[in-house]
Amino acid sequence: MTRKTSNPATLAVIGGTGAEGGGLALRWAAAGHRVIIGSRDSAKAAAAAGELRALLPAGSGRLEGAASGAAAKEAAVVVLTVPFAAQMTTALALKPVLGGKILVDVTVPLVPPKVSTVQLPAGGSCVAQVQKELGPGVRVVSAFQNVSAHKLKKLEQAIACDVLVCADDKEARERVIELAADAGLRGINAGPLANSAAAEALTSLLIWINRAYKVPDAGIAITGLG
Ligand SMILES: NC(=O)c1ccc[n+]([C@@H]2O[C@H](COP(=O)([O-])OP(=O)(O)OC[C@H]3O[C@@H](n4cnc5c(N)ncnc54)[C@H](OP(=O)(O)O)[C@@H]3O)[C@@H](O)[C@H]2O)c1
């Protein structure tokens with residue numbers, strides 16, 4: 001249940017060959033954006049894009065694959081969906097093509113094997129750490145940490161999970177709330193990037209809850225917003 005976007009853009013989803021990025025890429029393409037899946041291996045990106053294209057309804061946007069650097073260079077908004085262990089090196093490698101752009105970082109600092117226990121890095125948020133390393137020239141936004149990939153791939157279903165959106169750049173935060181809505185999700189203004197620590201921590205709680213209640217995709221909802 002995506003919505004037709006009123007503000008189509010070129011989006012690069014780095015790590016979109018994986019579960020979470022692939023689900024977001026699918027939803028944004030269905031909403032009418034042009035989406036480029038970025039991978040360390042351009043052939044793998046092309047194959048993943050081909051598989052996702054087969055799931056798209058008529059009238060969707062373009063969905064392509066490319067090497068990560070080329071994808072990020074082409075895009076107005078770059079989305080990072082790689083494991084925590086690869087987050088910083090991947091972000092730093094893309095820095096030369098990220099100037100002035102929004103980088104949506106979906107990373108959760110999971111440290112196997114105890115992924116259902118909160119293990120935030122020293123200093124709190126791993127996304128805030130990326131902003132620190134990339135510097136103010138890149139507009140880092142934290143979002144989507146609490147939405148399971150399982151939900152994203154079911155295009156026809158509404159997703160009962162809010163998206164906490166944190167950034168120090170207010171305009172970038174609003175743009176990502178809009179992108180969440182395009183994907184069929186309610187984005188919530190959750191404040192500055194430092195608050196991303198709460199969203200990152202919540203994911204381990206959700207993994208715990210999934211196991212405890214034997215469900216695939218527990219989520220979160222903010223109440224009281226009318
Ligand atoms: N899965 C979920 O339900 C979910 C929900 C919320 C948040 N997240 C977060 O979203 C991120 C992606 O999750 P995921 O489940 O999609 O991960 P994943 O499938 O394990 O990995 C995604 C992609 O990251 C790239 N990658 C893997 N290892 C790498 C490495 N060592 N160096 C560079 N790139 C590497 C791979 O792309 P290429 O080989 O094509 O380069 C891979 O396809 C994680 O931080 C996760 O915590 C996931």
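FYI, side chains are in, hydrogens and waters are out, and symmetry mates aren't considered; it's all heavy atoms of this structure. A quick note: this is a predicted structure, and the numbers were derived from the prediction, not measured. Counting starts at 1 for both ligands and their atoms, following the listed order. For the single chain, residues carry numbers from 1 onward in sequence order.
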Fill in: Options Ile14, Asn146, Thr17, Leu206, ranked by nearest heavy atom to atom 37 (O) of ligand 1, top entry
Thr17
Worksheet item: Relative to atom 3 (O) of ligand 1, which among Cys161, Ser68, Ala199, Ala149 owns the nearest non-hydrogen atom?
Response: Ala149
Give the residue, atom name and distance (to 0.1 Å) of the protein heavy atom nearest [atom].
atom                    : value
atom 20 (O) of ligand 1 : Pro83 CG, 3.8 Å
atom 15 (O) of ligand 1 : Ala19 CB, 4.2 Å
atom 45 (O) of ligand 1 : Val82 O, 2.7 Å
atom 13 (O) of ligand 1 : Glu20 CB, 3.9 Å
atom 9 (C) of ligand 1  : Val106 O, 3.6 Å

Item to complete: Heavy-atom distances under 4.0 Å are what count here, so tell me which part of Lys44 touches ligand 1: side chain, backbone, both or neither.
Response: side chain
Practice prompt. Test Val165 against Val104 for side-chain contact (heavy atoms from CB on, under 4.5 Å), laying out the working first.
Written response: CA-CA 9 Å; Val165 185; Val104 185; over 6 Å; no
Worksheet item: Can you find an N/O atom of Asp41 closer than 3.5 Å to an N/O atom of ligand 1?
Response: no
Item to complete: May I ask you to check if ligand 1 and Ser148 share an N or O to N or O distance below 3.5 Å?
Response: no
Practice prompt. May I ask whether Thr203 has any heavy atom positioned less than 4.0 angstrom from an atom of ligand 1?
Written response: no
